[in-house]
Amino acid sequence: VKLKILLGSCLWVMLITSLHVQLNVGWTRLASMLAGRQELIVGFLPVT
Amino acid sequence: VTKNSEEGSIFRSQKFTDWPTVKEALIAKEIGGAFILAPMAMQLAADGVPIKVVHLGHRDGTAIVVRSDGGIRDFADLRGKVVAIPSRYANQNILMHRMMKTWGMEFDSMELREVPPPEHPTALREGSIDAYIVGEPFAAKAEVDGFGRVLYHTKDIWEEFISCVLVVHEDLIDGERELVQELVDGIAKSGKWLDEDLDHRMDAAEVAAELYYFQPPELLKYVLSKPVDRVKYTNLAPLEEEFDEIMRLAVEIGVLGEEIAFERYADPSFSRSLDELDWEMDRLPPIPRAAGEEVTR
């Protein structure tokens, strides 16, 4: 039973962590951060 | 379309629908850079926002549009009329005042009304305005839809007209010069590519229409070819004498509170000779059409 609780807790933490990463950082951005690539966001309006 | 530069840096674009929100995102550093209106960049710098103009977005690409069934034949016919402008801080506003001076008209001889750019064609069609001045593709929209005609292209009334400029945070200029240089080089290279072949423009219209402008590709193709110098993407280095003229006119009409030195809001050091920049690409491949598929090239 303890093992089940431990595994369940670990899975729950992993799930919540994944959701937080997705919502707050994004997987693409995380990958580029880990790869040491720089990133720049440029705003625009669709008008010349 | 790729988000990566040749050096591997990632550039993302974020679409906005109004100028105040872009301004707030810049101030809050939610974005590192933006294409904004030239006088707005001056005003932000004057207000202490640490940004600098490092490049232009394009040249020309603006027109004064009137109803095709109306009697407006030249600028003098706009006397007493209502003309929509995209923003008080737009260079289009400065241009209208510059034209009034040229034609010997008082600044209050017509009503300049701020209207969001996408609403300009509809306002003209419905008759709530008599004319509008705006950047493309909204000038061409009235032409293509058959109810408007161009009174003047900017190329015919203010040569090499400046509308949108690329600004970046000073933090990036100080700490990540290579990143800013990559961005400026990328814009300059793609501009050179656009201006060297009409087929390139047609390919770009397809991509931009679907991924960035959300407009019919035919409209953007019209903008980029009728005539071909309606909007230009070369000669994009920020030049002090041109910005000084805009700044002085902005002060004269009260858009800017006081004169501001070019060095306070611009850094032209990232603009390089186009001879040093080339894009090893001929045509753009078509956009993948599968539902839900991420569009990357």
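Only a predicted model underlies this, so the values are computations on that prediction, with no experimental measurement involved. Below, chain A is the first sequence line, B the second, and so on; all start at residue 1.
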Review point. Checking B:F138 against chain A: side chain, backbone, both or neither under 4.5 Å from a heavy atom?
Key: side chain

Review point. Which region of B:I36, side chain (C-beta onward) or backbone (N, CA, C, O), has a non-hydrogen atom less than 4.5 Å from a non-hydrogen atom of chain A, or is it both or neither?
Key: neither

Exercise for review: Start with the C-alpha distance between B:K15 and A:F44, add both sets of side-chain angles, then the distance that settles side chain to side chain contact (heavy atoms under 4.5 Å, CB included), and finish with yes or no.
Suggested key: CA-CA 5 Å; B:K15 186 187 168 197; A:F44 77 103; 3.7 Å; yes

Closest approach of [X] and [Y], non-hydrogen atoms and distance?
X	Y	result
A:E39	B:L179	O-CD2, 4.0 Å
B:D18	A:L45	O-CD1, 3.8 Å
A:I41	B:E30	CD1-O, 4.2 Å

**Study point:** side-chain hydrogen bond (donor to acceptor under 3.5 Å, both in side chains): pairs with one or both residues in residues 3-16 of chain A, sequence neighbours excluded
**Key:** none

Review point. Under 4.5 Å, heavy atom to heavy atom, which residues of residues 185-194 of chain B contact chain A?
Key: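 Heavy-atom contacts from residues 185-194 of chain B to chain A are absent.
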
Distance-only donor-acceptor hits, side chain of residues 115-122 of chain B, under 3.5 Å, sequence neighbours excluded:
from   : atom 1 : to     : atom 2 : distance (Å)
B:H120 : NE2    : B:V115 : O      : 2.8

Review point. Could you state the interatomic distance from CD (A:Q38) to CG (B:L172), rounded to the nearest 0.5 Å?
Key: 9.0 Å

Review point. Do other residues, nucleotides or ligands put more than 12 heavy atoms under 6.0 Å from B:K141 NZ?
Key: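 Count not over threshold, so no.
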
Study note, to complete from the structure: Most contact-rich option vs chain A, by heavy-atom pairs under 4.5 angstrom, among B:L26, B:T17, B:L166, is B:T17

Review point. Taking only residues two or more places apart in sequence, or in another chain, which ones meet B:A90 in a side chain to side chain contact (heavy atoms under 4.5 Å, CB included)?
Key: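 In terms of side chain to side chain contact (heavy atoms under 4.5 Å, CB included), with neighbours along the sequence ignored, B:A90 is linked to B:L37, B:P86, B:S87, B:Q92.
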
